Amino acid sequence: MSTESRSNFLKTQIQADLDGQVMGQLVTRFPPEPNGYLHLGHAKSITVNFELAKQFGGRCHLRFDDTNPEKESQVFIEAIQDDVRWLGYEWHGEVRFASSYFQQLYDWALHLIDHGLAYVCDLSAEEAREYRGSLTEAGRDSPYRTRSPEENRQLFTGMRAGEFPEGSRVLRAKIDMASPNINLRDPILYRIRNAHHHQTGGDWPIYPTYDYAHGQEDAIEGVTHSICTLEFEDHRPLYDWFIEHLPVPSRPRQIEFARLNTSYTVTSKRKLKQLVDSGAVSGWDDPRMPTLAGLRRRGYPPAAIRHFCEEVGTSRSDSVVDVAMLESSVRNHLNESAPRAMAVLNPLALTLTNLSQPETLSVANHPGNEAMGTREVPLTPELLIDADDFREEANKKYKRLVIGKRVRLRGAYVIEAERCDHNASGEVVRVYARIIEGTLGEDPADGIKAKGVIHWVSASSGVPAEVRRYDRLFSDPNPGKSDDVLAVLNPDSLRVIDTAVLEPSLAHAQPEQVFQFEREGYFIADRFDHSGGKPVFNMTIGLRDTWSAVNA
RNA sequence: UGGGGUGUCGCCAAGUGGCAAGGCAGCGGGUUUUGAUCCCGCCAUUCGCAGGUUCGAAUCCUGCCACCCCAGCCA
């Protein structure tokens with residue numbers, strides 16, 4: 001599972017930049033806008049930035065890019081910090097805010113004005129769009145482009161003083177309305193917004209745009225490499241333009257990489273919101289959601305997510321990673337870390353005809369890790385096994401319980417089925433089996449080995465529980481391509497099982513504890529709904545299953 | 001038909017002129033008190049296509065093709 005030595009273009013670039021350069025150490029940053037919950041795509045960005053800093057002995061900042069108060073809020077600021085920490089990262093120093101640089105940004109805007117590099121424009125949004133031209137046609141200069149620095153300064157300070165209504169004016173950089181790169185056609189630096197800001201309150205009636213603010217925020221913090229996604233590539237000339245024309249304290253470099261896309265999942269905020277608003281999921285932290293809060297509640301270990309992000313690599317080509325890769329990482333991590341236990345999801349009664357007294361068995365918590373210890377499991381005359389693990393008759397390929405045949409009860413004895421009872425509709429309701437003496441930890445003395453191993457739970461001391469089985473939220477590998485995500489939902493993405501019975505030790509599980517229910521999969525005690533009195537487990541992921549596929 | 005990007009195995013992805021890593025998926029086989037894990041083996045004469053340069057090209061050159069991004073006072 002080691003991927004540390006894997007190279008990618010970012011590491012190569014950074015290494016080259018660091019070698020023989022003045023800059024001594026790498027500084028990166030994760031700069032979310034606090035306007036939504038973090039998801040798998042953000043996890044990629046987080047690992048890229050934090051791992052790079054770790055690998056090169058540098059540091060990584062967490063900075064909220066809060067330049068648009070109308071869409072942001074304090075709840076996201078807290079949720080995002082929780083998610084980043086949960087993923088396993090701690091940022092360098094205090095949490096930072098773009099908003100704490102508003103004064104500096106404003107002063108630098110004045111600097112641009114004084115140098116004739118920015119002007120106040122009175123064009124309406126619609127007019128500005130017309131003046132901007134199109135992809136194939138050059139734009140035209142705004143009639144306000146020639147205002148003097150003095151007039152611009154007066155107008156801009158007026159904007160800052162709240163003298164003008166929203167939308168009446170903006171501050172623009174004076175670059176080139178004929179540039180083939182539309183981002184250079186006199187981009188907007190400031191807009192008027194009479195909005196309450198979650199950090200600065202009513203201090204500012206004007207707010208800087210991303211294009212103007214981001215690079216300067218980086219420069220203020222001494223960020224050396226400002227890593228972002230591909231769609232910002234066209235903005236880089238602008239990013240560099242500000243850095244060149246402003247007396248900034250450092251010269252950060254922007255590098256873009258391809259965002260992470262994963263099959264069977266959507267990460268568009270609009271689509272995720274649609275899922276929540278429509279009730280298709282129970283909320284932003286529904287275990288089927290690709291949000292970090294959802295993945296957490298689902299039981300995906302942060303280390304598995306980190307490993308996945310490293311494993312898929314970092315490149316500049318658009319791609320869609322098979323979600324099976326994430327699932328594989330989750331299984332790998334859980335296989336090692338999750339203690340084993342038994343739970344019967346679809347119970348069928350089984351009577352042990354020759355067990356007179358209950359026994360207490362000691363069972364290993366992990367087949368490959370003795371250090372994880374053992375636990376006690378009660379064996380009683382009345383047991384519960386999974387209905388799928390019994391057939392009255394079957395071919396030789398069926399490795400479970402069949403009348404007249406043997407299987408081993410996991411951690412206990414080999415048994416042989418004798419007969420079964422049926423109900424009025426002919427369904428099997430109870431199986432009778434006898435224990436083969438002397439088979440605790442031993443094969444049968446008569447040489448007739450068990451066909452397989454099945455899990456079980458004591459009917460009398462087992463603990464009823466609610467188990468939620470999850471499957472992929474979408475039936476389409478590329479749900480994001482669909483206009484209506486609700487149309488491609490997998491109708492079986494959640495199945496609530498209220499018949500499950502757990503072995504007694506599981507009643508002591510703490511919320512967020514993950515177990516492997518043997519032969520079923522990995523399950524986590526729900527972070528919110530689980531309690532000793534009423535156990536609730538969410539299926540994280542099933543065990544790899546080559547048998548059902550062969551049998552299909 | 002403006003500008004900026006990207007094309008290496010079913011899905012990711014190394015590779016930076018010297019003879020195509022790795023992971024996921026898949027397929028065989030072995031071990032196994034989880035049909036799990038683990039272990040072994042197989043899985044690109046070929047790098048979007050076509051030319052060219054070179055003793056030698058995924059890597060250099062030329063031309064084509066495909067796909068992605070950009071016309072928010074969003075980020």
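Side chains are part of it too, since the values below use all heavy atoms of this structure and drop only hydrogens, waters and symmetry mates. Numbered from 1 within each chain, the chains take letters A, B, ... in sequence-line order. Since this is a predicted model, take the numbers as computed values, not measurements.
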### Summary
The residue among A/Phe97, A/Phe64, A/Phe102 that forms ring-ring contact (aromatic ring centres under 6.0 Å, His included) with A/His197 is A/Phe102
### Message
Testing A/Tyr190, A/Trp108, A/Phe164 one by one against A/Phe156 for a ring-ring contact (aromatic ring centres under 6.0 Å, His included), which residue passes?
### Response
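Testing A/Phe156 for a ring-ring contact (aromatic ring centres under 6.0 Å, His included) against A/Tyr190, A/Trp108, A/Phe164 leaves exactly one candidate, A/Tyr190.
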For [X] and [N], is the shortest distance between a side-chain N/O and OP1 or OP2 below 4.0 Å?
{"X": "A/Thr314", "N": "B/A13", "answer": "no"}
{"X": "A/Thr209", "N": "B/A75", "answer": "no"}
{"X": "A/Ser317", "N": "B/C12", "answer": "no"}
{"X": "A/Arg519", "N": "B/G35", "answer": "yes"}
{"X": "A/Ser329", "N": "B/C24", "answer": "no"}
{"X": "A/Arg316", "N": "B/C68", "answer": "no"}
{"X": "A/Arg129", "N": "B/G72", "answer": "yes"}
{"X": "A/Arg410", "N": "B/U33", "answer": "no"}
{"X": "A/Ser548", "N": "B/G35", "answer": "no"}
{"X": "A/Arg185", "N": "B/G72", "answer": "no"}

### Shortest side-chain distance from A/Ser315, nucleotide among B/A13, B/C73, B/A36
B/A13
### Message
Taking the minimum atom-to-atom distance to the side chain of A/Leu230, which one of B/A36, B/G3, B/G5 wins?
### Response
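Of the candidates, B/G5 comes closest.
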Mind checking salt bridge (Lys or Arg N to Asp or Glu O under 4.0 Å) for [X] and listing every partner two or more places apart, or none if nothing turns up?
{"X": "A/Asp388", "result": "none"}
{"X": "A/Glu70", "result": "A/Arg193"}
{"X": "A/Arg191", "result": "none"}

### Message
Tell me which residues in residues 158-176 of chain A lie within less than 4.0 Å of RNA chain B, going by non-hydrogen atoms.
### Response
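Heavy-atom cutoff 4.0 Å gives A/Gly167, A/Val170.
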### Message
Below 4.0 angstrom, which residues in residues 131-141 of chain A have at least one non-hydrogen atom near RNA chain B?
### Response
A/Arg132, A/Ser134, A/Leu135, A/Thr136
### Query
Ignoring hydrogens and angles, does a donor from either the side chain of A/Glu520 or the base of B/U34 sit under 3.5 Å from an acceptor on the other?
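Such a pair does not exist between side chain and base.
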### Query
Taking for each residue the nucleotide of RNA chain B bearing the nearest heavy atom, is the 5' side occupied by A/Pro208 or by A/Val453?
A/Val453
### Task
Determine which nucleotide pairs with B/C19, using a 3.5 Å limit on both distances of a Watson-Crick or G-U wobble pair.
none
### Query
Relative to the ring of A/His39, is the ring of A/His42 parallel (under 30°), tilted (30 to 60°) or perpendicular (over 60°)?
tilted
### Message
Is it the case that the side chains of A/Asn181 and A/Asn183 hold a donor-acceptor pair, with the cut-off being a distance below 3.5 Å and no angle test?
### Response
yes
### Message
Please tell me whether A/Arg375 and A/Ser362 have a donor and an acceptor in their side chains that are separated by less than 3.5 angstrom.
### Response
no
### Task
Give, for atom OH of A/Tyr131 and atom SG of A/Cys121, the distance between the pair rounded to the nearest 0.5 Å.
8.5 Å
### Query
Taking the six-membered ring of A/Trp456, is the NZ or CZ of A/Arg410 close enough (under 6.0 Å from the centre) and on axis enough (within 45°)?
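No.
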#### Entry: A/Trp547 aromatic ring stacked with six-membered ring of B/G35, 5.5 Å and 30°
yes
#### Entry: Passing candidate, side chain to side chain contact (heavy atoms under 4.5 Å, CB included) with A/Leu345, options A/His455, A/Arg469, A/Met539
A/Arg469
### Task
Grab the CD1-P distance between A/Ile541 and B/A25 for me, whole Å please.
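Value for this atom pair: 10 Å.
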### Query
Can you check the A/His366 NE2 to B/A36 C1' distance for me, whole Å?
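About 10 Å, once rounded to whole Å.
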#### Entry: Residues A/Arg63 and A/Asp218 bridged, charged N to O under 4.0 Å
yes
### Heavy-atom protein contacts under 4.0 Å, nucleotides 37-44 of chain B, coded B base, S sugar-phosphate only, - none
S-------
